[in-house]
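One structure is given here, and the rest of the page talks about it.
Both ligands and their constituent atoms are indexed starting at 1 by order of listing.
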Amino acid sequence: MAKVPVKIVSWEEIVEWSKGLAERIRGDGFQPDVVIAVSRGGFVPARLICDFLDVTNLLSIQSQHWVEAARMAEKAILRFPYRVDLSGMRAILVDDIVDTGDTLQLARDFVVREWRPSELKVAALQWISSVAKIRPDYYYLEVRDWTWFQYPWTRLEDTMQFIVRIFREDERARGRSLSEDEIAWLFREFYGVDPRQLGLYWGLALKRLVEKGILRLEDGRYYLAKAG
Ligand code: AMP
């Protein structure tokens, strides 16, 4: 059993899921005038929804988790709370996944209050029903067992974080040096994912971690150099 269950999502699946989501929206008779991507995760699905529903207006709002340094408490914040007038328009907010639902809830409340569309629906490719605080109006897949979905647009970022996490959390890696093969082996154990599935991202992630000074590479062995 993987310590952190991860599923690698392919571009083909993203297209299939976005098409399925668009069909649910259309099947419900909702034709939006404007699509709003919840940045950054909702960008690609929102663009595909525009294509499948023939919508030419695409906006975005950046809502994300933020770790408050002093209290170490995570809360959702809007990065750029700009205002636009959507009165008289039907809008749909699109995200990749509703996990806690905090970021989507914040974006939804802000858009309703400040952008004032005549109607606002919320859509996501996936909804983790066992943990989410909100249920989107439309979703394509309901997830019951929490999993990290490794979407194609965060492949590098995620792979880097996954590798660092092994060095920090696995007893066999903490405070030690590892060869690339040993990292790959632990990666398979930790995440249930074969690094070969990550294609070019695997080598790129290791290289970037060294460039950033997070890992050190000496004589073919990697060390955790600093907290990254
Ligand atoms: P949340 O506010 O917890 O619903 O999630 C905020 C954002 O974090 C989501 O829109 C995703 O981009 C990302 N995220 C959260 N949970 C997951 C997950 N289980 N798999 C992949 N991405 C996730």
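Every residue two or more places apart in sequence or in another chain that forms a salt bridge (charged side-chain N to carboxylate O under 4.0 Å, His left out) with Asp102 is listed here: Lys133. Every residue two or more places apart in sequence or in another chain that forms a salt bridge (charged side-chain N to carboxylate O under 4.0 Å, His left out) with Arg165 is listed here: Glu169.
Within the 4.0 angstrom cut-off, atom 16 (N) of ligand 1 has one or more protein heavy-atom neighbours.
Counting non-hydrogen atoms of neighbouring residues, nucleotides and ligands closer than 6.0 angstrom, the NZ atom of Lys19 reaches no more than 12 such neighbours. In this structure, Arg144 places its CZ atom where only 12 or fewer heavy-atom neighbours from other residues, nucleotides or ligands lie under 6.0 Å away. The number of heavy atoms from other shown groups lying within 6.0 Å of CZ (Phe52) is above 12.
Here the two rings, on Trp202 and Phe187, have centers that are under 6.0 Å apart.
Among the atoms of Phe149, some N or O lies under 3.5 angstrom from an N or O of ligand 1. Residue-to-ligand polar distances place Gly101 within reach of ligand 1: an N/O pair is separated by less than 3.5 Å.
Every heavy atom of Gln126 sits 4.0 Å or more from the atoms of ligand 1. The shortest heavy-atom distance from Val143 to ligand 1 is not under 4.0 Å. The shell of residues lying under 4.0 angstrom from ligand 1, judged by heavy atoms, excludes Leu104.
Listed for the Ser18 side chain is no donor-acceptor partner under 3.5 Å among the backbone atoms of Glu16. Side-chain atoms of Arg116 never come within 3.5 Å of backbone atoms of Val112 as a donor-acceptor pair (strictly under, hydrogens ignored).
For atom 11 (C) of ligand 1, the candidate residues are Thr103, Asp99, Asp96; the nearest heavy-atom contact is made by Asp96. Nearest to atom 3 (O) of ligand 1 by heavy-atom distance, out of Thr100, Asp158, Leu106, is Thr100. Between Tyr151, Trp148, Trp127, Phe43, it is Trp148 that holds the heavy atom closest to atom 13 (C) of ligand 1.
Heavy atoms of Gln150 found under 4.0 angstrom from ligand 1: none, in either backbone or side chain.
Using a 4.0 Å cut-off to heavy atoms of Asp102, the atoms of ligand 1 that qualify are 2 (O). With ligand atoms numbered from 1 in the order given, ligand 1 contributes 10 (O) to contacts under 4.0 Å with heavy atoms of Asp95. Every atom of ligand 1 with a heavy atom of Trp146 under 4.0 Å away is listed here by number and element: 19 (N).
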- Kindly determine whether Trp115 and Tyr82 satisfy ring pair (Phe, Tyr, Trp, His ring centres under 6.0 Å), including the steps that lead there. CA-CA 9 Å; Trp115 295 6; Tyr82 60 92; 5.4 Å; yes
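Annotation: atom 19 (N) of ligand 1 to nearest protein heavy atom, Thr147 O, 2.8 Å.
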